[in-house]
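Each chain gets a letter, A, B and so on, in the order the sequences are listed, and its residues count up from 1. In this text the structure is predicted, and so the values were computed from the model without any measurement.
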Amino acid sequence: MIRGADIVVRSLIAENAEYIFGYPGGAIMPVYDALYDYADQVKHVLTRHEQGAIHAAQGYARVSGKVGVALATSGPGATNLITGLADALIDSTPLVCITGQVAAHLLGTDAFQETDMMGLSMPGTKWNIQVRSVEEIAPAIAKGFHIARSGRPGPVLIDITKNAQVEFGEFNYVPCLGIRSYRPYVTVELPKIQEAALLINEAERPFVLFGQGVVIGKAEEELKAFLDKTGIPAASTLLGSGSLPESHPSYVGKLGMHGNYSPNMLTNKCDVLIAVGMRFDDRVTGDLKRYAKQAKVIHLELDPAEINKNVKCTVPILGDCKQSLSMLIDAVKPNSHPEWMQRFREFENEEREAVMGKDLYATQGGLHMGEVIRLINQYKEDDAVLVTDVGQHQMIAWRYFDYKKTRTQVTSGGLGTMGFALPAALGAQLHNYNRQVICVVGDGGIQMTIQEFGTIMQTKAPVKVVLLNNNYLGMVRQWQQMFFDKRYSFTELENPDFIKIAEAYRIKAVKVTEREELSEAVAQMFIHDGPFFLEVVVEKEDNVFPMIATGCSVEEVRLS
Amino acid sequence: MNRYTILVYTENFIGILNRITIIFTRRGINISALTASESRLDGIHKITIEATVTEEQIIQLVNQIEKIIDVIKAYYFKDDEVVYQEIALYKIPFDSLDPQLEKVIRQFNAHIIAAEKEFVVLEFTGHKEDTQALLEILKPFNLLEFSRSGRVAIAKPKFSVQEYLNNQT
Ligand SMILES: Cc1ncc(C[n+]2csc(CCOP(=O)(O)OP(=O)(O)O)c2C)c(N)n1
Ligand SMILES: [Mg+2]
C-alpha cells in the first residue's frame, strides 16, 4: 500500500512523463512531497506562474508529440491554468493537468481555496474528472493520458481531492487502451477515396490546403508523396507550417489573414479544393459566403464534428490523414499543373515586389521585423524551433521563417494567447537542450509572462529570446490605423529597460537599435552557450501585409 | 426552424449533463425540454432533449454532443419520426369540481390521481398542444398549480445502441 500522492507520481512515470511543469500549494502538497522521492525518475520544473506551467507543457507537447503535464494547487493555482486549457483545446495539444482540490468532505462548503474546477474547466477540456478517493487515481490518470493523446488530441484535467492524496491504496498501473463510448479513429472508407481520386484526376485547377492535422497524424511523408505524384499547388495554415518544407516545388505559401497573396487570391479560382487536417478557421477563410464557392471540396479530417462545420464539402474523408493520404496516393494518377502553378508564381512575384522587398531588405529608416527573421534564417539550423507570441511579430515571423522540418512551429493559433511564447519556448527547449529554440516575442506579450525568465535562469534552458520592440501593441495599433482613423487608444507602451530585466535574471542580453549591428548580434546569439536575450528596436508604426480585413473575401487580400 | 428530439445515450457519470447543456448555451440555443433517465441497457443513461432549431444547427449540435468522451451515441429526429408524450399534472380546488368540470375531465380522458380535502390533482398525458389546451380550459376553474414534464420519446427508425457497442473496432 502506498499513498495516493505516490500513486499520482508513479502513474505519471508509468506514462513516461519526462517533465512535470508545476507550482505547489496547500491542496497539492502531498504530491509535491512524493515528487521529492522520485526526482531521479521524473523532472519537475518550477515555473513562476501556473499559466507559465501550462504553456511550458504545451510547448513541450507541440515539439515532442508527447503529452505535456502540468501540476497546480486548488483555487487560484487551478484557475491560473484556464487560459492554457482553452488554448490547448482549440489547438489540439495533448495535456494532462492535475490540480489539487480540498478534501472531499469540504466540497461545496466554500472551504479555503476551494473552487469548482470541474465546472470552470469543462468548456476548456477534452475531458475532465474529479477524483475523491485513492483507488480512483490511477484509472483516472490512465484514462486521461489515453484521451489526451488519441484521436484529435486535447487537454484533460484531473482534479484530485486532498484526502485521496493522503489515503493509502494498492498501486497496480493498468494503461487505458480504450473506452467504449469513445472512438478516436475510424477506418477510411475506400469508396470515398475513389470518389475523391476521380475529382482530383479530372481537376484542372486543384489546390491543397494543409494544417496541423498533418503534424498530429505524422503524415508529412504522405503529404509530400501525394504532392510529388499529383503536382498540385499546396498552401499551409499557421499551424501546418513546417509539415512540408517550403522549398518543395508544390509549396505556394500561407493561407489567411496575413498569409501570402497567391494562395488567397487563387482559392476562389480552383476547381477542386483538397483540405488536409485543417478546420477552415475564419482567419483562413475570410467571408465564408464568398469562400471557394466554385470548388468541389474534399476534406480529409479526423474529427467528424469538423466535417461541414464551416465549409460544406463534396467528399468528406473521415479518418487519420496518414491513412487517407496514402490510400489517395495509390488512387490518383501522376499529373502536373504547370499553367495553374504559373498563376501562383505570378502573384508571388507581385507580393515580392510590393511587400517583401521592403520587409526584408530595407536599407534606410527604422529596422523591420522581417529583417530580423531573415537573419535568423541565415544562422539557424534546419530543425530549429520557432516559438512566437501573438501580434505583428508573430505574423511576420511566420511569413518569413524558413520552415524546413516538421514540429518547428509553436504558436498560439486558435486562441491567440499573448504571453504564450516565453513559457512555451522553455518547454520546447527542455524537450531537447541541443535543438535550437528561438522565441520571437513582442514588447506587449513578453510582459504578460516575463516572470518565466526566472524559470529559464533556473533550468539554464538555452532559449534564444528575440524581442521585437515596436513600443506598441502593434497589431492592435495597425487595426486602429486602418479601421479606427488612427485613434491610437491605449496601445502605446511605456516600456521598462528589458536588458536590465534580462540581466537581473542573469541572462546574457544585447540590445540592437541600428541596422549595422543586427547581423553580428544575431550571430552572437546563436553562438552563445546558454539562454540569450536579444532586443531589437524596430520601426514603431510598421504594418503587416498582405491582409484580408475582417469580413472581406480571400480575393480581397490587400498588398498595402 | 424545426422542432427536433435529440436522444443521447451516455455513461452514467457526474457532469455529463452539464457538458451537454453547455453546447447549447455556447451557441445561444434554448433547450425547450429535457428528460434524463436510465435506458433499457444496464448502466447507460438516456437523455431526451427537445429544441427548435434549423437543420444545420441540429447537425452541429449532435456532432458536438457525440464528441463528448462519455457520450456513446446521439441521434436526432423530427417530430414525425418519434412517438413522444409529455405528462401534465393540474391542481384544482376541490370546490371547483362541478358537473361542467367533470365533463371536461371525461372528454380529455384525464385522471384524478389524488383527492385531498382542499384539492384534487388531475393527470393528463399527450402532446404539448393537448396538455396546453387542457390548461387553458382549467384556468377559469381556479387552477392552483400546473406542472408538465419534458418529452419522453421512442424513435420510429430502427437503431441499436447495443449493436453499436458490440461493434467495437
Ligand atoms: C491575452 C491577450 N490579450 C489581448 C490580446 C489582443 N492582442 C492581439 S495582438 C495584441 C498586441 C500585441 O502586442 P505586442 O506583444 O507588442 O506584439 P506586436 O503586435 O507589437 O508585434 C493584442 C493586445 C491577445 N491576443 N491576447
Ligand atoms: Mg509591440
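- A donor-acceptor contact closer than 3.5 angstrom links the side chains of B:Asn166 and B:Gln162.
- Proximity to chain B is limited to the backbone of A:Pro304, based on heavy atoms less than 4.5 angstrom apart.
- Of the two parts of B:Tyr9, neither the backbone nor the side chain holds a non-hydrogen atom closer than 4.5 Å to a non-hydrogen atom of chain A.
- Of the residues considered (B:Lys73, B:Lys67, B:Gln64), B:Lys67 shows the highest number of contacts with chain A, using heavy-atom pairs under 4.5 Å.
- Ranked by heavy-atom pairs shorter than 4.5 Å toward chain B, the options A:Gln130, A:Lys312, A:Met118, A:Glu306 are led by A:Lys312.
- Only one option out of B:Asn2, B:Ile6, B:Ile29 pairs with B:Val53 in a side-chain contact (heavy atoms from CB on, under 4.5 Å); it is B:Ile29.
- Using a cut-off of 4.0 Å between Lys/Arg side-chain N and Asp/Glu carboxylate O, A:Glu15 and A:Arg149 are scored as salt-bridged.
- Looking at B:Ile14, only its side chain comes within 4.5 Å of chain A, counting heavy atoms on both sides.
- When A:Val188, A:Asp320, A:Leu300, A:Ile193 are each tested for a side-chain contact (heavy atoms from CB on, under 4.5 Å) with A:Leu325, only one passes: A:Leu300.
- Only the side chain of A:Asp303 has a heavy atom closer than 4.5 Å to any heavy atom of chain B.
- With a 4.5 angstrom heavy-atom cutoff, A:Thr125 touches chain B via backbone and side-chain atoms both.
- The backbone N or O of A:Gly100 sits nowhere less than 3.5 Å from a side-chain atom of A:Lys162 that would complete a donor-acceptor pair.
- Heavy atoms of B:Ile22 lying under 4.5 Å from chain A belong exclusively to its side chain.
- Heavy atoms closer than 4.5 Å to chain A are found in the side chain of B:Glu56, but not in its backbone.
- Remark: the backbone N or O of A:Arg152 is not paired with any side-chain donor or acceptor of A:Ser92 at under 3.5 angstrom.
- No more than 12 heavy atoms of other residues, nucleotides or ligands lie within 6.0 Å of CG in B:Asp42, so this atom counts as exposed by the packing criterion.
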